[in-house]
Amino acid sequence: MNLREKILSGHRVSFDEALSLYDMDFFELGFLADGIRKKLHGKKTYYNINRHINPTNVCADVCKFCAYSATRKNPNQYTMTHEQIMEIVKDAVSRDIKEVHIVSAHNPNTGLEWYLDIFRKIKTAYPQLHVKALTAAEVDFLSREYGKSYDEILDLMIENGVDSMPGGGAEIFDEKVRDYICKGKVTSDQWLEIHQKWHERGKKSNVTMLFGHVESRANRIDHMMRIRELQDITHGFNCFIPLVYQTENNYLNIKEPITANEVLKTMAVSRIVLDNVPNLKAYWVTSTVSLALVAQEFGANDLDGTIEKESINSAAGAKSANGVKLEDFTALIKNSGFIPVERDSLYNEI
Ligand code: V47
């Protein structure tokens, strides 16, 4: 059986086969990924109505790719009060927003309670609102900073109202690349361990991959393989999100942004490799809306959401600071030949 037949008949691909997909004819690769997408989701493209909140940019860690952290290139430090965060949430709820996605830098000055109490305050005021919060990188930071185990932090998150975990902080799992781009942050094994523990509590999460910087194609496949292996055990990842590296205002100094062709290939390869992760998100914030629409034909079935305010990727050059209008978003999906379907945070259709 050749690789094409193997994929068409639903067999799992090996590391070497996955790597060779990058050399396949571009449209053939797209066709194979699209076939898997169609089997799983037909022509539906999911989105949700969400609000990103990034409550502080003060960070104890130093990641070369990051333009958001206030410690170096960005001198404008901020830390929101809980009252300010609650104002944003109140406004979001009044406009029928279903999810808040709360991710912060690793601020050593706030205390553990500042990180956790806000979830309880949100849940108490708005029990129906889905709280997606704290990346595994933040969990690791809080555990180190406050002398608590991962188990203790994860239990505290649940007690305080966190519903699911976002997929940030995964970056690239290869240890050599990771050492170069974000030395000192949560390790790959720790990132996976934290998500495994979260899944063992019956909870769901997402998983990202930051690509288009110094990593090789083999590093990307290795990243996907490690996700596939854990997913076989826990089945806790809802969605894979390849994040296209944004080049501005950071210390990686990548001169040439990744090509659209390579982004689409990576989307398609991930749809084929991650046969046990149900959803593939084309995160328009980092890919641009236009490319995210094309990615729908290369395996992607989720375009994230309206976002409203975004600080991490827009600091590095993404045109996402003010989100997109819902009517525009759904019209774009329809006009590209797909069916926009609103979902909740756990991928139930609304
Ligand atoms: O982990 C930082 C990335 C991530 C840059 O789970 C950059 O639904 C590109 O994880 N260029 C945070 N990316 C965002 C994130 C996320 C986003 C949307 C949805 C979900 C989800 C998760 O942003 C970080 C890091 O990998 N990032 N700097 C940059 N220059």
Side-chain angles (χ1 to χ4, degrees), residues 46-48 50-54 57 59 61-69 72-74 98-106 130-141 162-173 177-178 181-182 185-186 188 191 195 198 203-215 223 227 236-254 257-258 263 277 279-288 292 300 302-320 323 343-347:
Y46 291 119
Y47 67 92
N48 77 341
N50 58 357
R51 172 66 150 93
H52 282 217
I53 307 176
N54 303 120
N57 65 352
C59 200
D61 280 298
V62 268
C63 298
K64 284 201 179 92
F65 54 77
C66 184
Y68 170 66
S69 150
R72 296 187 304 170
K73 284 230 162 171
N74 175 358
K98 311 270 190 328
E99 169 190 291
V100 280
H101 175 150
I102 304 177
V103 169
S104 287
H106 308 162
H130 185 98
V131 178
K132 179 164 76 173
L134 292 182
T135 66
E138 289 173 272
V139 171
D140 174 68
F141 162 72
V162 175
D163 294 300
S164 69
M165 277 178 71
E171 322 311 358
I172 278 282
F173 289 143
V177 175
R178 200 174 181 83
I181 65 172
C182 55
K185 192 158 96 167
V186 63
S188 308
W191 193 98
H195 280 261
W198 183 250
K203 297 288 185 183
K204 296 285 184 182
S205 64
N206 292 335
V207 49
T208 57
M209 174 179 78
L210 181 67
F211 73 112
H213 43 89
V214 298
E215 89 295 348
H223 190 92
I227 295 166
F237 290 122
N238 267 335
C239 183
F240 178 61
I241 312 165
L243 298 169
V244 182
Y245 166 70
Q246 308 294 299
T247 55
E248 290 176 21
N249 305 321
N250 65 74
Y251 282 86
L252 268 185
N253 277 329
I254 305 295
I258 190 171
V263 170
V277 178
N279 299 289
L280 172 63
K281 187 183 285 188
Y283 187 50
W284 62 263
V285 166
T286 65
S287 68
T288 72
D302 183 357
L303 256 52
D304 200 276
T306 43
I307 298 189
E308 294 224 329
K309 267 253 153 323
E310 196 282 327
S311 307
I312 299 177
N313 303 110
S314 54
K319 305 288 173 268
S320 51
R343 61 163 174 85
D344 70 12
S345 304
L346 300 173
Y347 287 84

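Note that ligands are numbered from 1 as they come in the structure, with each ligand's atoms numbered from 1 the same way. Starting from 1, each residue takes its place in the sequence as its number.
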Undergrad: Let's go through S345 and K98 carefully: what are the C-alpha distance in whole Å and the side-chain angles of both, what is the deciding distance for side-chain contact (heavy atoms from CB on, under 4.5 Å) to 0.1 Å, and is it a yes or a no?
TA: CA-CA 8 Å; S345 304; K98 311 270 190 328; 5.7 Å; no
Undergrad: For I258 and F211: C-alpha separation, side-chain torsions, deciding distance, then whether side-chain contact (heavy atoms from CB on, under 4.5 Å) applies.
TA: CA-CA 9 Å; I258 190 171; F211 73 112; 3.7 Å; yes
Undergrad: Which heavy atom of the protein is the closest neighbour of atom 13 (N) of ligand 1, given with residue, atom name and distance?
TA: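 Answer for atom 13 (N) of ligand 1: N313 ND2, 2.9 Å.
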Undergrad: With a 4.5 Å cut-off on side-chain heavy atoms, are M209 and I172 touching?
TA: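 Side-chain contact under 4.5 Å: yes.
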Undergrad: Once you restrict to heavy atoms under 4.0 Å, what part of Y283 touches ligand 1? Side chain, backbone, both or neither.
TA: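 For Y283, the contact with ligand 1 is made by the side chain alone.
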Undergrad: Should one rank C63, G169, S314, A316 by closest heavy-atom distance to atom 1 (O) of ligand 1, which comes out on top?
TA: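 It is G169 that holds the nearest heavy atom.
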Undergrad: Under the criterion side-chain contact (heavy atoms from CB on, under 4.5 Å), I'd like the reasoning laid out for Y68 against N250: C-alpha separation, chi angles, the key distance, then a yes or no.
TA: CA-CA 9 Å; Y68 170 66; N250 65 74; over 6 Å; no
Undergrad: May I ask you to test the H52-I102 pair for a side-chain heavy-atom distance under 4.5 Å?
TA: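 In short, these two side chains do not touch, never coming nearer than 4.5 Å.
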Undergrad: Pick one of side chain, backbone, both or neither for how P166 approaches ligand 1, counting any non-hydrogen atom pair under 4.0 Å.
TA: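 Both the backbone and the side chain of P166 come within reach of ligand 1.
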Undergrad: Among N54, V285, N48, L243, which one has a heavy atom closest to atom 4 (C) of ligand 1?
TA: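 Result: the heavy atom closest to atom 4 (C) of ligand 1 is in L243.
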Undergrad: Measuring from the heavy atoms of A67, does anything fall under 4.0 Å of ligand 1?
TA: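 No, that is not the case, since the closest heavy atom of the residue is not under 4.0 Å from the ligand.
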Undergrad: Relative to the heavy atoms of N206, which atoms of ligand 1 are at a distance of less than 4.0 Å?
TA: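 Listed by number with element: 6 (O), 8 (O), 21 (C).
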Undergrad: What is the nearest protein non-hydrogen atom to atom 11 (N) of ligand 1, stated with its residue, atom name and distance?
TA: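 For this ligand atom, the closest protein heavy atom is Q246 N, 2.7 Å.
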Undergrad: Is the F65-H213 ring centre distance short of 6.0 angstrom?
TA: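 They do not qualify: ring centres at least 6.0 Å apart.
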Undergrad: Considering non-hydrogen atoms of the protein only, which is the closest contact for atom 28 (N) of ligand 1, and what is the distance?
TA: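 Ranked first by proximity to atom 28 (N) of ligand 1 is F65 CD1, 3.4 Å.
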Undergrad: Begin from the C-alpha positions of E171 and R178 and carry the test side-chain contact (heavy atoms from CB on, under 4.5 Å) through to its verdict.
TA: CA-CA 7 Å; E171 322 311 358; R178 200 174 181 83; 3.8 Å; yes
Undergrad: Check this for me - ligand 1, G167, N or O atoms closer than 3.5 angstrom, yes or no?
TA: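 Yes: some nitrogen or oxygen of G167 is under 3.5 Å from one in ligand 1.
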Undergrad: Backbone or side chain, does any N or O of H52 fall under 3.5 Å from an N or O of ligand 1?
TA: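 No, since none of the N or O atoms of H52 sits under 3.5 Å from an N or O of ligand 1.
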Undergrad: Would you please classify the geometry between the F237 ring and the H195 ring as parallel, tilted or perpendicular, with 30° and 60° separating the classes?
TA: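 The arrangement is tilted - the two ring planes meet at 30° to 60°.
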Undergrad: Below a 4.0 angstrom heavy-atom separation, can you tell me which part of I241, side chain or backbone, both or neither, approaches ligand 1?
TA: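 For I241, the contact with ligand 1 is made by the side chain alone.
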Undergrad: Give yes if a backbone or side-chain nitrogen or oxygen of K281 is under 3.5 Å from a nitrogen or oxygen of ligand 1, and no if not.
TA: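 By distance alone, the answer is yes.
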Undergrad: Check whether any heavy atom of V244 sits under 4.0 Å from an atom of ligand 1.
TA: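 Right, V244 reaches ligand 1.
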Undergrad: Applying the side chain to side chain contact (heavy atoms under 4.5 Å, CB included) criterion to Y283, which one of L303, N313, T208 satisfies it?
TA: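 Of the listed residues L303, N313, T208, the side chain to side chain contact (heavy atoms under 4.5 Å, CB included) partner of Y283 is N313.
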Undergrad: Applying the side chain to side chain contact (heavy atoms under 4.5 Å, CB included) test to P242, which of L280, L210, V207 qualifies?
TA: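 Between P242 and the candidates, side chain to side chain contact (heavy atoms under 4.5 Å, CB included) is satisfied uniquely by L280.
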Undergrad: Look at D163 together with K204 and state whether they make a salt bridge at an N to O cut-off of under 4.0 Å.
TA: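 Salt bridge: no.
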Undergrad: Classify the angle between the aromatic ring planes of F240 and H223 as parallel (below 30°), tilted (30 to 60°) or perpendicular (above 60°).
TA: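 Tilted: the ring planes of F240 and H223 meet at 30° to 60°.
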Undergrad: Measuring from non-hydrogen atoms of K132 to any atom of ligand 1, is the shortest distance under 4.0 Å?
TA: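 A heavy atom of K132 does come that close to ligand 1.
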Undergrad: Report the part of T135 (side chain from C-beta onward, or backbone N, CA, C, O) that has a heavy atom under 4.0 Å from ligand 1; answer both or neither where that applies.
TA: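 Neither part.
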Undergrad: What's the shortest distance from atom 12 (C) of ligand 1 to any protein heavy atom, and which residue and atom give it?
TA: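 Minimum-distance protein heavy atom for atom 12 (C) of ligand 1 reads I312 CD1, 4.2 Å.
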Undergrad: Please determine whether a side-chain nitrogen of the Lys or Arg among D304 and K281 lies less than 4.0 Å from a carboxylate oxygen of the Asp or Glu.
TA: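 Looking at K281 together with D304, the answer is yes, because their closest N to O distance falls below 4.0 Å.
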Undergrad: Looking only at protein heavy atoms, which one is nearest to atom 10 (O) of ligand 1, and what is the separation?
TA: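 I find the closest protein heavy atom is G168 CA, 2.9 Å.
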Undergrad: Taking non-hydrogen atoms only, is D304 closer than 4.0 angstrom to ligand 1 via side chain, backbone, both or neither?
TA: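 It is the side chain that gets close, since no backbone atom is under 4.0 Å.
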Undergrad: Identify, for atom 26 (O) of ligand 1, the protein heavy atom at the shortest distance, and state residue, atom and that distance.
TA: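 Ranking protein heavy atoms by distance from atom 26 (O) of ligand 1, first comes E171 OE1, 2.4 Å.
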Undergrad: Decide whether the shortest distance between a heavy atom of E248 and an atom of ligand 1 is less than 4.0 Å.
TA: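 E248 does not count as a contact of ligand 1 under the 4.0 Å cut-off.
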Undergrad: Looking at atom 19 (C) of ligand 1, what's its closest protein heavy atom, distance included?
TA: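 Heavy-atom neighbour on the protein nearest atom 19 (C) of ligand 1: H101 CE1, 3.5 Å.
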